[in-house]
Amino acid sequence: MRLGFAVKVLGEGGLPSHDTRRWQSAPHLRHSIEAMHAVLGYLERHDIRMYRMTASLAPYATHPDLPAFHAQVDEALYELAGLGAHARALGIRLSTHPGQYVVLNSEHAAVQEAAIRDLELQAALFDALGLGPEAVAVIHVGGGGRDRPAGLDRWVAGWERLSERARARLVVENDDRTYALPDVMELHRRTGVPVVFDVLHHECCDRDGIPVRAALALALRTWPSGVRPKVHYSTPREPGSRAHADEIDPLAFAAFLDAAAGLEFDVMLEAKAKDLALLRLRERLATPPARGDRRGRAAA
DNA sequence: CGATGTCAAGGAATC
DNA sequence: GATTCCTTGACATCG
């Protein structure tokens, strides 16, 4: 099982994840690729084999008012191939997670159009990187919580408008208030899209009371054979909260792994302390707390 | 230099 | 129909 973290590197004084300059400064994918080589070096030094890239690796690449930027992937094909080779050589699984503005099931045609553009770009990036089928772009179902069935229909309609290669890179995640596991399982039945199981979201939004192991097993079976599924794991800031804590609670995580015994998957950790949370969790799992020490402090 | 406002983008809740 | 929050980090600007 691989453990990964999202985007921002805090260790070693912090590393940039991509070219974050404003569009007026002409940011470019090439600069992001340079930043990513440094991130891969960091991951290798710390034996981290899974990483969520920023969804903005190609800055403003899908901005409708900036046609000059559309060609970034084509302009950097050689550099992308080099970056992908670097990641493959290190055995690092890469993914992206386009944010709240990418809404494939939007009621507004222009918004759905923009989502399709973005997902096509993510797929073009993964293909140019030369990454295997484990490199995927994760999205939520989107909006329309008042009428969930209609929202699911719109999602399928959006999915049907994607190219084969974009479909091949797309996976869908259960969210924490609207589209729960049964909803994304329906999308899987209708389109074949694999499901990323988010453990905290399931705890927040589980109308049918599906036990975590059963829910996890359902989601894992949506992945093609030969492609290792992945799940999202985070600790709530307070019990019942939807916000992520700084770190991962090692006891809760160990209990989750216990419940998941025998199942195979990678885990993307979502914690505000990012890579530092991952390193600390790994340390704490390797050094179990003394009996009765509920805080899980390593022996001083 | 430190503090503060702003950023391409959507949706839900509120009025 | 318009406004505010959600949630996030870092650029950009101002004092």
Side-chain angles (χ1 to χ4, degrees), chain A residues 5-29 31-32 34-36 38-39 51-70 72 96-122 137-155 157-158 172-180 183 198 200-201 204-205 232 234-238 240-247 268-277:
Chain A
F5 69 97
V7 185
K8 198 180 173 185
V9 177
L10 299 179
E12 298 184 1
L15 290 173
S17 58
H18 64 293
D19 188 351
T20 59
R21 291 173 298 167
R22 302 273 164 90
W23 65 265
Q24 293 89 337
S25 308
H28 197 279
L29 173 58
H31 297 288
S32 295
E34 287 310 305
M36 269 298 301
V39 169
Y51 174 70
R52 177 190 298 167
M53 297 188 291
T54 171
S56 305
L57 202 68
Y60 298 92
T62 58
H63 192 296
D65 299 335
L66 297 173
F69 287 75
H70 279 234
Q72 283 184 70
T96 62
H97 189 1
Q100 67 189 123
Y101 298 111
V102 176
V103 187
L104 190 58
N105 83 339
S106 176
E107 298 183 75
H108 306 287
V111 175
Q112 187 181 60
E113 206 65 51
I116 289 168
R117 272 204 309 280
D118 205 276
L119 295 174
E120 293 291 345
L121 178 84
Q122 303 293 324
V138 183
I139 64 166
H140 293 284
V141 181
R146 287 182 307 274
D147 187 351
R148 292 211 316 280
L152 293 173
D153 290 345
R154 286 198 307 274
W155 196 92
V172 69
E173 173 187 353
N174 58 307
D175 70 55
D176 55 4
R177 46 177 65 193
T178 305
Y179 295 101
D183 298 311
D198 188 299
L200 179 61
H201 291 174
C204 292
C205 186
H232 289 177
S234 55
T235 295
R237 184 156 280 286
E238 298 104 21
S241 166
R242 283 188 286 259
H244 294 160
D246 292 348
E247 308 231 356
M268 178 60 67
L269 300 174
E270 298 179 318
K272 298 190 60 118
K274 306 294 183 187
D275 51 317
L276 301 180

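Letters A, B, ... mirror the listed sequences (proteins, then strands); counts begin at 1. Owing to the predicted nature of the structure, the values given are computational and were not obtained by experimental measurement.
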Which atoms of nucleotides 4-7 of chain B (N or O only) lie under 3.5 Å from a protein N or O atom, and what are those distances?
| from | atom 1 | to | atom 2 | distance (Å) |
| --- | --- | --- | --- | --- |
| dT6(B) | O2 | R22(A) | NH2 | 3.3 |

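E173(A) contributes no side-chain N or O that, together with a main-chain N or O of D198(A), makes up a donor-acceptor pair within less than 3.5 Å. Checked by atom type and distance alone, the side chain of Y51(A) never pairs as donor or acceptor with a backbone atom of A6(A) at under 3.5 Å. Within the 3.5 Å criterion, the main-chain N or O of L10(A) finds a donor-acceptor partner in the side chain of D275(A). For the pair N105(A) (side chain) and G151(A) (backbone), a donor-acceptor distance under 3.5 Å is present.
dC11(C) and dG10(B) have their P atoms separated by 24 Å, with the value rounded to a whole Å. As rounded to the nearest Å, dT4(C) and dT6(B) have P atoms that lie 13 Å from one another. Taking the P atom of each, dT14(B) and dT7(C) are spaced 15 Å apart, rounded to whole Å. Rounded to whole Å, the P atom of dT8(C) lies 25 Å from the corresponding atom of dG2(B).
Counting heavy atoms from C-beta outward, H244(A) and L200(A) have side chains that approach closer than 4.5 Å. Counting only heavy atoms from C-beta outward, the side chains of I139(A) and L119(A) approach each other to under 4.5 Å.
The separation between D175(A) atom CG and dA12(B) atom C1' is 13 Å, rounded to whole Å. The nearest whole Å value for the distance from the CD atom in Q72(A) to the C1' atom in dA8(B) is 14 Å. In this structure, the NE2 atom of H201(A) is 12 Å from the C1' atom of dT7(C), given to the nearest Å. Rounded to whole angstrom, the span from the NZ atom of K272(A) across to the C1' atom of dT7(C) amounts to 8 Å. For N105(A) and dG11(B), the CG to P distance is 8 Å, given to the nearest whole Å. Atom CZ of R177(A) and atom P of dC5(C) are 15 Å apart (whole Å). One atom, NE2 of H140(A), and another, C1' of dG11(B), lie 13 Å apart when rounded to the nearest Å. Whole-Å rounding puts the R21(A) CZ to dA12(C) P distance at 9 Å.
The partner of dA9(B), taking Watson-Crick or G-U wobble pairs whose two distances both stay under 3.5 Å, does not exist in any strand shown. Across all strands shown, the partner of dG2(B) is dC14(C), judged by Watson-Crick or G-U wobble contacts whose two distances both fall under 3.5 Å.
The residue G144(A) sits close only to the backbone: its heavy atoms come under 4.0 Å of sugar-phosphate atoms, none of a base. Using a 4.0 Å heavy-atom criterion, one finds that K274(A) contacts no nucleic acid atom at all.
Here Y101(A) lies parallel enough and close enough to stack on the base of dA9(B), with planes under 30° and ring centres under 5.5 Å apart.
At least one side-chain nitrogen or oxygen of S106(A) sits closer than 4.0 Å to the OP1 or OP2 atom of dG11(B). In terms of phosphate contacts, T20(A) brings a side-chain nitrogen or oxygen within less than 4.0 Å of OP1 or OP2 of dC11(C).
The side chain of K8(A) sits closest to dG9(C) out of dG9(C), dA8(B), dC6(C). Minimum atom distance to the side chain of S25(A) is reached by dA12(C), of the listed dG11(B), dA8(B), dA12(C).
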Report task. Could you give me the CA-CA distance, side-chain angles and deciding distance for W155(A) and V172(A), then say whether side-chain contact (heavy atoms from CB on, under 4.5 Å) is met? Result -> CA-CA 10 Å; W155(A) 196 92; V172(A) 69; 4.2 Å; yes
Query raised in the report: Does the side-chain contact (heavy atoms from CB on, under 4.5 Å) test come out yes or no for H97(A) and M268(A), once each step is laid out?
Result: CA-CA 11 Å; H97(A) 189 1; M268(A) 178 60 67; over 6 Å; no
